[in-house]
Chemist: 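What follows is a single structure, and I will ask about it in a moment.
Just so you know, ligand 1 is whichever comes first in the structure, and atom 1 is the first atom listed for that ligand. Count residues from 1 along the sequence.
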Amino acid sequence: MIGRLNHVAIAVPDLEAASAQYRTMLGADVGTPQDEPDHGVTVVFITLPNTKIELLYPLGEGSPIQGFLDKNPSGGIHHVCYEVDDILAARDHLLAEGARVLGGGEPKIGAHGKPVLFLHPKDFNGCLIELEQV
Ligand SMILES: C[C@@H](C(=O)O)C(=O)SCCNC(=O)CCNC(=O)[C@H](O)C(C)(C)COP(=O)(O)OP(=O)(O)OC[C@H]1O[C@@H](n2cnc3c(N)ncnc32)[C@H](O)[C@@H]1OP(=O)(O)O
Ligand SMILES: [Co+2]
């Protein structure tokens, strides 16, 4: 059911510093900050030859990544995003298998303009999973 790795997301305490570090120290192709108010985050995408890195910083009140950053003040890997062909079929399969689909199970439009869903990290070995329909 899952296909390619779309991105690995890293929550960061300083978006500008993290962007500069990837650009200058790691020589990566770093994009510009993009506010995602529906998701409570500002993101910067870094394009690698085989996947993307998504730098995440909280946006607004009640950001879903605020608790994670409070627990990990120097930042940390926040989620991995796998591609799926059919997000509603994937959701129904996961619910039937007993996984917790976050956000009431209704896909939201993600940073790439495509529908996304999140799966509870406690159901997946402590790793928050994002699914993106491509
Ligand atoms: C723009 C879009 C895109 O790419 O298109 C995005 O990625 S938006 C990316 C931001 N959006 C999201 O993350 C949406 C889905 N996320 C959520 O709904 C939330 O962040 C939850 C995953 C439910 C966590 O909520 P909250 O921070 O309130 O945590 P909580 O205190 O209830 O946490 C319950 C337990 O899960 C752990 N926990 C929390 N976040 C975690 C994470 N990212 N990875 C692994 N474990 C995590 C906590 O440490 C805690 O464990 P212990 O009990 O053992 O201490
Ligand atoms: Co993401």
Side-chain angles (χ1 to χ4, degrees):
M1 184 175 72
I2 62 169
R4 287 157 49 95
L5 176 67
N6 185 277
H7 60 267
V8 174
I10 304 175
V12 302
D14 183 331
L15 197 52
E16 234 174 84
S19 299
Q21 185 186 52
Y22 268 78
R23 189 178 292 117
T24 310
M25 291 176 74
L26 295 175
D29 174 4
V30 179
T32 51
Q34 198 177 312
D35 286 348
E36 296 292 339
D38 283 359
H39 294 275
V41 290
T42 301
V43 303
V44 167
F45 275 100
I46 298 168
T47 307
L48 304 183
N50 63 338
T51 190
K52 294 183 278 294
I53 303 296
E54 177 183 55
L55 302 179
L56 291 176
Y57 187 78
L59 176 67
E61 295 295 308
S63 169
I65 71 164
Q66 190 60 59
F68 182 90
L69 269 179
D70 290 345
K71 279 186 189 149
N72 304 280
S74 46
I77 295 182
H78 184 262
H79 63 266
V80 293
C81 177
Y82 303 124
E83 297 181 354
V84 294
D85 289 333
D86 182 336
I87 203 155
L88 296 180
R91 174 197 64 189
D92 293 345
H93 172 71
L94 284 154
L95 288 172
E97 293 287 330
R100 280 171 285 177
V101 180
L102 296 167
E106 283 312 311
K108 281 188 186 175
I109 297 303
H112 304 116
K114 309 268 179 64
V116 301
L117 277 175
F118 290 86
L119 309 176
H120 202 289
K122 294 295 181 193
D123 294 343
F124 288 94
N125 316 290
C127 180
L128 175 62
I129 293 177
E130 178 179 3
L131 299 177
E132 178 173 323
Q133 179 172 294
V134 291

Chemist: Using salt bridge (Lys or Arg N to Asp or Glu O under 4.0 Å) as the criterion, list what pairs up with E132, not counting sequence neighbours.
Modeler: none
Chemist: So, taking the atom named OH in Y57 and the one named CG in D35, what distance separates them when rounded to the nearest 0.5 Å?
Modeler: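 The distance works out to 11.5 Å.
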Chemist: Mind checking whether H7 and H112 have side chains closer than 4.5 Å, heavy atoms only?
Modeler: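 H7 vs H112: side chains touch.
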Chemist: Should we count CG of L95 as having more than 12 external heavy atoms under 6.0 Å?
Modeler: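 More than 12 heavy atoms, drawn from other residues, nucleotides or ligands, come within 6.0 Å of this atom.
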Chemist: Can you tell me if CG on D70 sees more than 12 non-hydrogen neighbours from other groups inside 6.0 Å?
Modeler: yes
Chemist: Listing by chain and number, what protein N/O/S atoms are under 2.8 Å from the Co ion (ligand 2)?
Modeler: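 Metal shell, protein only: H7 NE2, E54 OE1, H79 NE2, E130 OE1.
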Chemist: Applying side-chain contact (heavy atoms from CB on, under 4.5 Å), can you list everything that pairs with R100, at least two apart in sequence or on another chain?
Modeler: H120, K122, D123
Chemist: For the pair E54 and H78, evaluate side chain to side chain donor-acceptor pair (under 3.5 Å) and give the outcome as yes or no after the intermediate values.
Modeler: CA-CA 10 Å; E54 177 183 55; H78 184 262; over 6 Å; no
Chemist: Compare every heavy atom of G76 with every heavy atom of F68, then report the nearest pair and how far apart it is.
Modeler: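 Looking at all heavy atoms of both residues, the closest pair is CE2-O, 3.7 Å.
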Chemist: With a cut-off of 6.0 Å (strictly less than), are more than 12 heavy atoms of other residues, nucleotides or ligands near CG of D85?
Modeler: no
Chemist: So what's ligand 1 close to, N/O to N/O, under 3.5 Å?
Modeler:
residue  : atom   : partner : partner atom : Å
ligand 1 : 4 (O)  : H7      : NE2          : 3.2
ligand 1 : 4 (O)  : E54     : OE1          : 3.3
ligand 1 : 4 (O)  : E54     : OE2          : 2.6
ligand 1 : 4 (O)  : E130    : OE1          : 3.1
ligand 1 : 4 (O)  : E130    : OE2          : 3.1
ligand 1 : 5 (O)  : A111    : N            : 2.7
ligand 1 : 5 (O)  : E130    : OE2          : 3.2
ligand 1 : 7 (O)  : E54     : OE1          : 3.1
ligand 1 : 7 (O)  : H79     : NE2          : 3.1
ligand 1 : 7 (O)  : E130    : OE1          : 3.2
ligand 1 : 20 (O) : P64     : O            : 2.9
ligand 1 : 43 (N) : H78     : O            : 2.9
ligand 1 : 43 (N) : H78     : NE2          : 3.4
ligand 1 : 49 (O) : K71     : NZ           : 3.2
ligand 1 : 51 (O) : K122    : NZ           : 3.2
ligand 1 : 54 (O) : K122    : NZ           : 2.7
ligand 1 : 55 (O) : K71     : NZ           : 3.4

